[in-house]
Amino acid sequence: MKLTQKLSKIRNIGIIAHIDAGKTTVTERLLFYTGITYKMGEVHNGAAVMDWMPQEQERGITITSAVTTCSWRDREIHIIDTPGHVDFTIEVERSLRVLDGAVVVFCAVGGVEPQSETVWRQADKYHVPKIAFINKLDRVGADYFSTIEQMRERFNSIPLPLHIPLRDRETLIGIIDLISEKFISWDRETLGVTYSRNDIPESHRDEARIHREKLIETLADHDDGIAENYLEGRPIAEADLIKAVRKLTLSLTAVPVLCGSALRNMGVQPILDAVVDFLPSPEEVPPIEGVNPLTGGTERRLSSSKEPFAALAFKVMNDEGRKLTYIRIYSGDIKVGSEVYNANRRLPERITRLLKMHANKRERVDVAGAGNIVAVIGLKNTFTGETLCTEQHPIILEPIEFYEPVISQAIEPKTPDDQERLALALVKFQDEDPTLKVKYDSETSQTIISGMGELHLEIIIDRLIREFRTNVNVGKPRVVYRETMEEAVDVESTFARELGDKKQFGHVVLHLEPTPRGSDLSIANRLTADRVPPEFYMAIEESLRDAALSGSIAGYPVVDVAVTIMDGSFREGESTEMGYRIAASTAFSDGFSKGRPILLEPIMTVDIITPVEFMGDVIGNINARKGDIKKILNKGPISDIKAQVPLKQMFGYSTDLRSLTQGRAIFTMQFLRYDKMN
């Protein structure tokens with residue numbers, strides 16, 4: 001089989017949202033209505049197709065992004081369902097990096113929730129056009145227009161309501177499509193497969209007319225053709241409205257807003273229509289840019305099979321012992337058995353198999369071309385964020401940004417057999433998840449795993465036990481700190497020793513000084529060739545970076561320090577790379593110890609949504625945890641509290657919050673910065 005669909009008929013989209021907004025339920029309906037599945041999987045039953053991992057099915061949440069393909073109106077739609085929990089935000093980040101469009105799902109009761117803002121900003125970072133779907137309009141307390149108003153206040157784009165819900169008390173009856181001026185209702189007996197478009201009920205025509213006028217006025221502000229017809233009182237064709245909405249969506253000026261209830265099988269087919277009508281095909285996306293590793297110059301690749309092959313590996317998975325590498329092909333095409341080139345590692349790779357994925361099921365294909373998202377078997381040395389291309393036309397695409405872990409946990413195997421399985425499993429997990437860090441503590445003989453949050457590490461340990469049958473003892477979660485210094489120092493170190501029958505010499509002079517928070521470690525080199533030959537510069541800088549991985553207080557990485565290599569000296573026949581490495585490492589360690597080193601702790605942004613009656617208790621608890629309340633937003637009966645709290649104070653917070661609010665409050669937590677410990 002070939003993946004040779006015309007580029008104009010391909011859509012690469014992601015479903016993104018705050019946790020529990022219903023995005024996996026939306027995806028399940030999309031697959032059902034496009035004929036990919038013949039039975040609707042429900043998240044609450046642990047039967048969702050896209051939540052195929054046991055850990056996802058038990059917890060009712062999405063942990064890993066899953067890829068699938070379906071068809072609608074003669075378009076091939078590649079869908080990535082992403083997690084909503086902040087601990088797995090890397091899955092959203094790397095998915096949005098390779099997608100052309102996104103459907104953002106909002107809960108009509110919760111409105112714009114904290115993680116909704118995070119995923120929206122991630123989509124904006126990669127210039128991804130969006131459609132909004134306001135879900136759960138069958139729920140008590142659902143408020144469609146309040147959610148739209150929150151979008152208007154918080155996002156730098158204009159919400160364009162294309163639908164308005166028609167409700168009878170708390171029951172969703174159907175939706176009014178403002179573009180076609182039709183009332184859409186779904187047949188419950190067919191699980192929403194059949195639906196009808198009828199005239200708008202008389203009782204709602206005035207309301208629909210008012211909202212349609214507002215939509216046209218907004219479009220007229222940005223589209224001359226619409227403005228001319230509107231001002232002259234001429235009727236505006238449905239096709240012209242769709243064209244105008246598409247133009248504003250692709251320019252990221254506006255976001256079409258749809259509505260419904262995925263769980264009640266209402267409003268899902270219009271999402272598919274909107275994906276086709278308003279989101280871009282690969283050929284409508286700006287050419288991808290990268291750097292030629294040979295010349296250092298910027299190069300572009302158009303989305304075309306006629307261009308040289310270029311693809312980005314955005315996800316690695318180990319499935320039944322085999323390494324699956326998910327790639328987005330930006331240009332050219334590849335065939336089974338062909339050789340590709342990893343431009344980052346400068347290594348050739350061979351394509352053993354190409355797979356079109358349906359969550360954890362697969363379909364073999366022989367050829368895949370520009371615009372496609374496929375999984376590849378056979379790439380032994382390719383990892384997340386690396387570029388595949390042809391050796392004759394090398395290019396390195398912009399890599400994916402990874403987040404630094406903020407929490408760690410000690411684990412140790414129970415038996416020697418477990419030790420072997422543990423080592424193998426952790427290597428595979430690190431290949432899959434760039435936010436998981438692993439190191440061995442020789443003093444305690446423990447392995448330390450570090451991740452994005454308590455749930456992240458809990459899932460890793462659960463997978464160790466289930467997938468690799470590895471029994472481990474687990475320590476309590478610990479905070480990952482950083483070290484910095486508060487005073488500038490000048491220091492020098494000389495290494496002169498005879499090792500074996502060879503003299504080793506190195507001499508460097510360093511200046512270390514603190515820099516503002518968040519500036520990491522910087523190294524400047526002021527050496528001159530008459531003092532130290534240039535062939536030793538790289539060794540000195542590498543040694544300094546290695547030394548900065550372990551500070552003098554507790555062995556945590558050193559950040560927010562500027563190191564300047566001021567001077568050094570050279571001895572003919574004695575100076576060696578090893579000598580300069582040891583001298584540089586010793587100088588850094590001595591200088592850092594003299595510069596009043598301090599620990600920095602991770603500070604988290606915490607967003608709490610709580611009923612108003614519990615607000616005082618929640619604020620009091622945050623203050624008791626040495627938190628800093630930054631903002632309180634009142635949304636009727638609900639308060640949104642935004643605070644900054646040290647991570648070490650947040651252990652066990654979910655239990656405390658439940659007891660304070662009778663289980664009615666929720667919170668999300670995200671890393672903000674490292675700062676001085678109180």
Side-chain angles (χ1 to χ4, degrees), residues 5-13 30 33-34 70-77 100-103 128-134 148 157-166 174-186 194-201 204-205 207-260 267-285 303 371:
Q5 181 73 277
K6 284 176 65 176
L7 278 174
S8 61
K9 294 194 173 184
I10 292 176
R11 299 289 185 274
N12 291 311
I13 67 162
L30 296 177
Y33 296 135
T34 54
C70 60
S71 296
W72 187 257
R73 284 171 45 189
D74 195 31
R75 304 301 196 281
E76 185 177 278
I77 303 174
D100 302 328
V103 177
V128 175
K130 296 167 286 291
I131 291 168
F133 177 69
I134 298 179
I148 290 173
S157 55
I158 303 163
L160 287 177
L162 306 186
H163 294 164
I164 55 173
L166 201 159
I175 63 172
I176 294 170
D177 184 339
L178 298 177
I179 289 182
S180 65
E181 295 184 278
K182 293 292 182 184
F183 170 63
I184 311 174
S185 58
W186 281 263
T194 58
Y195 57 101
S196 56
R197 289 176 170 268
N198 299 306
D199 292 336
I200 299 170
H204 288 78
R205 283 182 188 171
E207 182 189 3
R209 186 170 60 252
I210 290 167
H211 286 292
R212 193 172 194 270
E213 283 281 314
K214 288 180 181 176
L215 171 64
I216 292 172
E217 285 174 10
T218 305
L219 293 174
D221 289 340
H222 299 88
D223 188 288
D224 292 340
I226 299 289
E228 189 178 323
N229 286 330
Y230 178 64
L231 292 172
E232 293 181 8
R234 291 197 296 264
I236 302 170
E238 188 178 325
D240 291 337
L241 289 175
I242 290 173
K243 185 179 176 183
V245 172
R246 179 180 181 79
K247 178 181 167 186
L248 294 187
T249 305
L250 297 188
S251 66
L252 271 65
T253 305
V255 177
V257 182
L258 316 179
C259 66
V268 177
Q269 291 92 337
I271 298 176
L272 289 162
D273 288 330
V275 166
V276 171
D277 289 337
F278 306 129
L279 293 182
S281 68
E283 64 185 5
E284 293 172 294
V285 174
S303 236

Salt bridge (charged side-chain N to carboxylate O under 4.0 Å, His left out) partners of E283, counting only residues at least two apart: none

Salt bridge (charged side-chain N to carboxylate O under 4.0 Å, His left out) assessment of R234 paired with E228: CA-CA 9 Å; R234 291 197 296 264; E228 189 178 323; 3.7 Å; yes

Please name all residues satisfying side chain to side chain contact (heavy atoms under 4.5 Å, CB included) with E284, sequence neighbours left out, ordered by chain then number. R246, L250, P280, S281

Once side chain to side chain contact (heavy atoms under 4.5 Å, CB included) is applied, do any residues pair with D240, and if so which ones, sequence neighbours excluded? I226, I236, A237

Could you go step by step and tell me if I131 and I271 meet the side-chain contact (heavy atoms from CB on, under 4.5 Å) rule? CA-CA 8 Å; I131 291 168; I271 298 176; 5.5 Å; no

[atom1]/[X] to [atom2]/[Y] distance, rounded to the nearest 0.5 angstrom?
X: I164; Y: H204; atom1: CD1; atom2: NE2; value: 7.5 Å
X: L272; Y: L30; atom1: CG; atom2: CG; value: 5.0 Å
X: F183; Y: D177; atom1: CZ; atom2: CG; value: 12.0 Å
X: I176; Y: I200; atom1: CD1; atom2: CD1; value: 5.0 Å
X: D221; Y: Y230; atom1: CG; atom2: OH; value: 9.5 Å
X: R205; Y: I210; atom1: CZ; atom2: CD1; value: 14.5 Å

Minimum heavy-atom distance between [X] and [Y], given as atom pair plus value:
X: P256; Y: V245; result: CG-CG1, 3.7 Å
X: G267; Y: W186; result: N-CZ2, 3.2 Å
X: A274; Y: L258; result: CB-CD1, 3.7 Å
X: I175; Y: C259; result: CG2-SG, 3.6 Å
X: I148; Y: P161; result: CD1-CG, 3.7 Å
X: F133; Y: V103; result: CB-CG1, 4.3 Å

Given L162 and L241, is the side-chain contact (heavy atoms from CB on, under 4.5 Å) satisfied, shown in steps? CA-CA 10 Å; L162 306 186; L241 289 175; over 6 Å; no

Between the side chains of T34 and S71, is a donor N or O closer than 3.5 angstrom to an acceptor N or O? no

So with a 6.0 Å cut-off around CG of N198, is the heavy-atom count from everything else above 12? yes

Can a donor-acceptor pair be found, under 3.5 Å and without considering hydrogens, that links the side chain of R75 to the backbone of R73? yes

Is there a side-chain contact between P129 and L252 in this structure, where contact means two heavy atoms from C-beta onward sitting under 4.5 Å apart? yes

Just wondering, do L160 and F278 contact through their side chains at under 4.5 Å, heavy atoms? no

D100/R11 ion pair, N-O < 4.0 Å: no

Going through the checks in order, is the salt bridge (charged side-chain N to carboxylate O under 4.0 Å, His left out) test met by K6 and D74? CA-CA 10 Å; K6 284 176 65 176; D74 195 31; over 6 Å; no

